[in-house]
Amino acid sequence: MVRVRFAPSPTGPLHIGGARSALFNYLFARKNNGVFIVRIEDTDLERSSRESEKNILESLKWLGITWDEGIEVGGENGPYRQTERLNLYQKYARKLIEEGFAYYCFCTEEELEEERKNLLAKGEMPRYLGKCRNLTPAEKEKYLAEGRKPTVRFKVPAGRTIVINDLVRGVVTFETDGIGDFIIVKSDGIPTYNFAVVIDDVTMGITHVLRGEEHLSNTPRQILIYEALGFKIPEFAHISLILGKDRTKMSKRHGATSVENYREKGYLPEALVNFLALLGWSPGTEEEIFTMEQLIERFSLDRVAKNPAIFDLDKLNWINGYYIRNSELSRIVELSLPYFQSCGYVSNNPTDEEMRKLTKVVEATREYVVTLSELPEHAAIFYQKELIFEEEAKTFLAEEETRNILRKIADKIKEIPGFEEEEIKGFLKKLPKELGVGGKKVYMPLRAALTGKTHGPELYQVMAILGPEEAERRIKNLFN
RNA sequence: GGCCCCAUGGUCAAGUGGUUAAGACACCGCCCUUUCAAGGCGGUAACCCGGGUUCGAAUCCCGGUGGGGUCACCA
């Protein structure tokens with residue numbers, strides 16, 4: 001049985017890279033009929049917050065990533081917040097100390113900083129030299145008497161080679177000589193990441209650890225802990241990072257990096273999922289658009305790329321536009337409603353009439369946008385009381401001849417039966433012949449008169465949305 | 001700097017010893033449309049460098065170079 005997990009630390013909103021890790025874990029679990037667990041790694045007391053935790057969980061749900069076991073939903077291996085499992089870590093830390101795999105370290109941060117500086121000054125690698133490895137009971141007593149609070153360090157064996165058979169990278173080896181004794185329990189009794197992650201993964205029965213590549217160099221430390229405790233080592237798969245345009249790890253300075261940023265900007269969850277899936281994974285076919293179900297069906301670890309991927313906003317935009325244009329209209333209307341409300345085009349408790357109009361407006365304008373938030377600006381022509389005329393539009397309305405033509409059109413508008421799109425289309429088509437002029441004198445001036453612009457949705461759509469009275473009013477308004 | 005990972009068009013990426021080196025985004029052109037977009041068709045554009053191995057390397061090996069990650073009482 002495959003059991004995987006996503007274990008974010010709640011120190012900020014869900015990052016785009018974290019979202020992809022979560023997605024890959026989710027896809028892998030579903031594909032293999034396994035279990036997907038979400039656990040919160042909140043051992044950094046300084047930076048962790050419940051708000052961040054909430055944000056992360058909400059972002060995951062928004063993306064359509066659900067979990068079978070973990071925070072909120074519970075399960076047999078809980079609790080799923082590390083700060084609630086402290087006694088568990090203490091138990092194993094004691095065991096490691098008793099069996100000689102770990103020891104108390106009384107060095108203060110100042111002393112460690114001093115050591116670091118000295119090594120650096122000598123041109124050597126800053127690392128912990130193992131000063132407290134063999135403290136005598138008397139020395140320990142002395143430190144304790146001074147009121148020092150010890151940390152617990154893992155005793156890294158010398159001269160060993162740690163081999164990882166990574167599911168995406170293949171065989172990766174590390175020498176233990178390059179690893180100094182590292183802290184597994186902080187002086188306040190809270191475990192560090194490298195320790196807690198092992199205990200949790202073991203006690204939660206994790207079979208595959210699928211995570212970002214930044215964790216690859218931590219893996220040998222973790223393996224050492226697995227071995228010391230006699231635990232079975234899970235499979236590892238390290239996914240390469242998502243880089244910004246400047247080819248460094250995506251961070252705040254690259255602009256929008258959190259899922260909520262994209263949500264606010266009007267990206268659809270299915271578009272973001274689709275895009276993220278394609279970033280670092282390839283179906284091996286020429287298809288590009290996938291539903292979550294299709295992704296689950298096709299996902300496999302051996303099609304995950306080893307090289308880092310640059311976040312390509314253009315492609316996300318294309319995918320998002322695709323979904324906006326091709327999804328069920330009612331869904332797009334529902335999702336875009338808040339954007340229309342916040343700019344005042346639609347009231348907070350929309351009437352049926354408002355919703356009918358909004359539906360037609362969205363249908364006509366969704367062809368032009370990349371995100372939902374752009375919809376209102378394209379829809380402005382349907383909601384503004386006073387039109388704003390572009391310079392180019394004015395030139396179409398300047399000539400006396402076209403003004404006369406428009407006057408005639410205005411009077412004919414009420415003759416259109418039903419005023420549905422089909423009828424309007426027919427009306428527009430016959431217009432030039434009826435008026436005895438070329439189409440050039442009709443369509444562009446009419447568009448300019450109706451919208452104040454030279455670009456926009458099909459004229460018949462524009463008129464159908466405005467309705468006969470408003471259409472007539474707008475034209476006649478030009479002559480007042 | 002030590003250690004680790006990576007290297008196909010501008011970007012995402014197929015490719016696993018013999019291919020005209022796919023496809024998508026972006027870009028350019030044409031068509032469609034009396035607008036723009038969308039859509040359709042077409043085009044420009046790539047195997048980091050140097051050595052091997054081999055009849056034959058984008059594909060295998062070694063070495064450079066470049067990029068990234070990591071070296072915390074952060075995760």
Side-chain angles (χ1 to χ4, degrees), chain A residues 7-11 41-48 82 105 107-109 112-113 116 120 123-128 149-153 164 166 168-170 172-175 177-180 182-194 196-197 211-220 238 240-241 243 245 247-249 275 278-289 303 305-319 321-322 325-326 365-369 378 392-393 396 428 432 438-444 447-448 451 453-459:
Chain A
S9 77
T11 55
E41 306 211 330
D42 58 349
T43 53
D44 184 343
L45 272 22
E46 297 285 303
R47 298 191 301 152
S48 295
Q82 288 186 328
C105 169
C107 296
T108 61
E109 296 196 47
L112 293 172
E113 183 55 29
R116 242 177 66 86
L120 241 28
E124 285 183 47
M125 266 284 298
R127 75 207 117 99
Y128 182 69
K149 293 255 184 282
T151 60
V152 179
R153 278 187 194 269
I164 300 164
D166 193 281
V168 350
R169 288 170 199 273
V172 180
T173 62
F174 292 89
E175 301 300 326
D177 290 345
I179 306 171
F182 55 93
I183 292 174
I184 57 173
V185 181
K186 307 181 221 176
S187 57
D188 59 4
I190 308 287
T192 59
Y193 164 74
N194 280 126
V197 74
R211 79 235 295 198
E213 197 199 323
E214 72 264 34
H215 291 295
L216 184 54
S217 47
N218 276 320
T219 309
H238 289 93
S240 60
L241 268 17
L243 272 27
K245 271 244 181 290
R247 299 186 165 276
T248 62
K249 193 168 154 183
F275 172 69
L278 257 20
L279 215 52
W281 174 80
S282 156
T285 63
E286 294 182 1
E287 307 156 279
E288 300 280 338
I289 300 295
R303 297 210 61 89
K306 294 198 261 194
N307 50 320
I310 293 172
F311 189 88
D312 182 9
L313 189 59
D314 280 330
K315 182 135 182 182
L316 205 213
N317 284 342
W318 172 75
I319 292 178
Y322 179 90
R325 270 174 260 114
N326 296 90
T365 53
R366 68 167 166 175
E367 303 295 320
Y368 305 87
V369 299
H378 288 275
E392 204 188 343
F396 282 102
L428 289 171
K440 219 165 85 174
K441 299 270 185 195
V442 174
Y443 299 117
M444 206 35 111
R447 172 180 296 283
T451 68
K453 311 217 175 328
T454 54
H455 304 308
E458 299 287 351
L459 264 181

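All values derive from a computational prediction rather than experimental measurement. Every chain is numbered from 1 and lettered A, B, ... according to where its sequence line falls, protein lines coming before strand lines.
Note: A/Phe311 and A/Phe275 have perpendicular aromatic rings, judged against thresholds of 30 and 60 degrees for the angle between ring planes.
Taking every side-chain heavy atom of A/Ile310 into account, B/C12 is the closest of B/A75, B/C12, B/G69. Of the candidate nucleotides B/A13, B/U34, B/U70, B/U70 has the atom lying nearest to any side-chain atom of A/Lys249.
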Whether each nucleotide of nucleotides 18-25 of chain B has a protein heavy atom under 4.0 Å at its base (B), only at its sugar-phosphate (S) or at neither (-) is summarised, 5' to 3', as ----SBBS
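When heavy atoms are screened at a 4.0 angstrom cut-off, A/Arg447 is found touching base atoms of the nucleic acid. Residue A/His378 is out of contact with every strand shown, counting any heavy-atom pair closer than 4.0 Å. Within the nucleic acid shown, A/Asn317 has no heavy atom closer than 4.0 Å to any nucleic acid atom. Among the protein residues, A/Phe174 comes within range of the sugar-phosphate backbone only, with heavy atoms under 4.0 Å from sugar or phosphate atoms but none that close to a base. Residue contacts for A/Thr173: at a heavy-atom cut-off of 4.0 Å it reaches the sugar-phosphate backbone alone, with no base atom in range. Residue A/Arg366 is classed as having no contact, given no heavy-atom separation below 4.0 Å to the nucleic acid. Residue-level contact check: A/Ser48 touches neither bases nor backbone, having no heavy atom under 4.0 Å from any strand. Using a 4.0 Å heavy-atom distance criterion, A/Lys440 is classed as a base contact. At a threshold of 4.0 angstrom between heavy atoms, the contacts of A/Glu109 include nucleobase atoms, whether or not backbone atoms are also involved. Counting non-hydrogen atoms under 4.0 angstrom, A/Gly321 reaches nothing in the nucleic acid. If you check every strand for non-hydrogen atoms under 4.0 Å, A/Pro8 touches nothing.
The nucleotide B/A37 finds no pairing partner, because no Watson-Crick or G-U wobble arrangement with both distances shorter than 3.5 Å includes it. The pairing partner recorded for B/G42 is B/C28, the criterion being a Watson-Crick or G-U wobble arrangement whose two distances lie under 3.5 angstrom. Under the Watson-Crick or G-U wobble criterion, with both distances below 3.5 Å, B/C12 is paired with B/G23. Nucleotide B/G1: paired with B/C71 (Watson-Crick or G-U wobble, both distances less than 3.5 Å). Under the Watson-Crick or G-U wobble criterion, with both distances below 3.5 Å, B/A58 is left unpaired in every strand shown. Base pairing annotation: B/U53 forms no Watson-Crick or G-U wobble pair, as no partner gives both donor-acceptor distances under 3.5 Å.
With sequence neighbours left out, A/Glu458 forms a salt bridge (Lys or Arg N to Asp or Glu O under 4.0 Å) with no residue at all.
Comparing the C1' positions of B/C27 and B/G9 gives an interatomic distance of 12 Å, to the nearest angstrom.
Side-chain N/O atoms of A/Tyr368 and base N/O atoms of B/C36 include a donor-acceptor pair closer than 3.5 Å.
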